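Below is one structure, written out as structure tokens, with a few remarks after it.
Since the model is a prediction, treat every value here as computed from it, not as a measurement.
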Amino acid sequence: MPVKKKRKFPGPDDQEHRKSKIASSSYTRPQIRGPRLISTEKPFSSKKCLAWFHEYAGTDEVVGPEGMEKFCEDIGVEPENIIMLVLAWHLEAINMGFFTKEEWLRGMTLLQCDCTERVRSKLDCLRADLNDSALFKNIYRYAFDFARDKDQRSLDMDTAKSMLALLLGRTWPLFPVFHQFLEQSKYKGMNKDQWYNVLEFSRTINVDLSNYDEDGAWPVLLDEFVEWQKARPAS
């Protein structure tokens, strides 16, 4: 049994030291914090993420079209939904309709998703990326290389029109008219410079085209669109 120590009563020097300590601490009052919230969510698991990947890839090293269709069904998103493009951008996927194991593990780790439920919980965040001007620009530019045939330097026109409808169809008032122009144009594809400039055009040029500078550094494609649109009879 431990021996009790005698209680030591403070002497004059101790009292002065205590007063000094109180005075100095009055300027550095500790912050009062509330109770710490303990997260009940389990930490991300790479092993679980890999097993989840193989639910769609089987024994392959890539999720193909069939696995992708099942994945979309499980997370409640149509394959043509723009959210799938945003997800592919996060995974840095190279080929449309395919997720490699490396892309899956890298991207899902960054998103901290190792199961279907966690991706579902992130869908609103993925949609929010589209409302950020800088992020949207990155996603838009990514879409060009993602959607094109890798042996071609340009997007074929049908794919370009589909991707533009997905990315700009709901936000650019002139898109329906631009789509009509592409339908009747001689162009069979769209190169990277044209693709990038369509976004810039949609962001900076008025609907009535009043601020379009014909002497600007726009691609000929957009010069021809403006000329075509201005020549159309007013509706």
Tell me if a side-chain donor or acceptor on Asn211 pairs with a main-chain N or O of Thr204 at a distance below 3.5 Å. yes
Checklist entry - Is there side-chain contact between Leu167 and Phe136, with at least one heavy-atom pair below 4.5 Å? => result yes
Within a radius of less than 6.0 Å around NZ of Lys150, do more than 12 heavy atoms belonging to other residues, nucleotides or ligands occur?
yes
Can a donor-acceptor pair be found, under 3.5 Å and without considering hydrogens, that links the side chain of Asp114 to the backbone of Lys48?
no
d(Leu164 CG, Met157 CE) to nearest 0.5 Å is 8.5 Å
Looking only at atom types and distance, does a side-chain atom of Gln152 sit under 3.5 Å from a main-chain N or O of Asp149, one as donor and one as acceptor? no
Using atom types as modelled and distance alone, determine if a side-chain donor or acceptor of Arg203 lies under 3.5 Å from a backbone N or O of Ser133. yes
I'd like to know if the side chain of Asp132 reaches the main chain of Leu135, judged simply by a donor and an acceptor atom lying under 3.5 Å from each other, with no hydrogens or angles considered. yes
- Task: Measure the acute angle between the ring planes of Phe144 and Tyr196, then classify it against the limits of 30° and 60° as parallel, tilted or perpendicular.
- Result: perpendicular
Exercise. Check whether the side chains of His54 and Asp60 place a donor and an acceptor atom closer than 3.5 Å, and report yes or no.
Key: no
Handout entry: Other residues, nucleotides, ligands: >12 heavy atoms within 6.0 Å of Glu66 CD
Key = no
Is there a donor-acceptor contact under 3.5 Å from the side chain of Thr109 to the main chain of Leu105? yes
request  = Would you please indicate if the ring centroids of Trp172 and Phe178 are separated by under 6.0 Å?
outcome  = yes
Notebook entry, point to check: Taking side chain as C-beta onward, heavy atoms only, is Met68 less than 4.5 Å from Tyr56?
Noted result: no
query: Are Phe201 and Tyr212 an aromatic pair by the rule of ring centers under 6.0 Å?
result: yes
To the nearest 0.5 Å, atom CD of Glu224 lies from atom CD of Gln229 at 14.5 Å
Review point. When you look at Glu55 and Lys70, which way does the salt bridge (Lys or Arg N to Asp or Glu O under 4.0 Å) test go after all the steps?
Key: CA-CA 9 Å; Glu55 288 181 22; Lys70 184 178 185 300; 5.2 Å; no
Discussion item. Whether the side chain of Gln184 engages the backbone of Phe181 through a donor-acceptor N/O pair (distance < 3.5 Å, no angle test) should be reported.
Written reply: yes
Is any side-chain heavy atom of Pro173 closer than 4.5 Å to one of Phe175? no
Heavy atoms of Leu168 and Val198 approach each other most closely as CD1-CG1, 4.0 Å
Next on the checklist: Taking the side chain as everything from C-beta on, heavy atoms only, tell me whether Arg170 gets closer than 4.5 Å to Ile82.
Outcome noted: yes
query: Does the side-chain contact (heavy atoms from CB on, under 4.5 Å) test come out yes or no for Met190 and Lys161, once each step is laid out?
result: CA-CA 9 Å; Met190 189 176 291; Lys161 288 185 293 188; over 6 Å; no
Query raised in the report: Have Glu92 and Tyr142 got a donor and an acceptor in their side chains that come within less than 3.5 Å?
Result: no
inquiry  = Using a 3.5 Å distance criterion without hydrogens, assess whether the side chain of Asn206 forms a donor-acceptor pair with backbone atoms of Asp208.
reply    = no
*Atom NZ of Lys47: over 12 foreign heavy atoms under 6.0 Å*: no
Side chains of Ile83 and Arg127 in contact at under 4.5 Å (non-hydrogen atoms):
yes
Notebook entry, point to check: For Leu155, does its backbone N or O pair with a side-chain atom of Trp195 as donor and acceptor, under 3.5 Å?
Noted result: no
dist Glu214:CD -> Asp223:CG (nearest 0.5 Å) comes out at 7.0 Å
Crowded around Gln180 CD? As in, over 12 foreign heavy atoms under 6.0 Å? yes
Donor-acceptor pair, side chain of Asn81 and main chain of Met84, under 3.5 angstrom:
no
Original post:
Are any of the side-chain heavy atoms of Leu87 and Leu111 separated by less than 4.5 Å?
Top reply: yes
Query - Any Leu174 side-chain heavy atom under 4.5 Å of Ser202 side chain - result: no
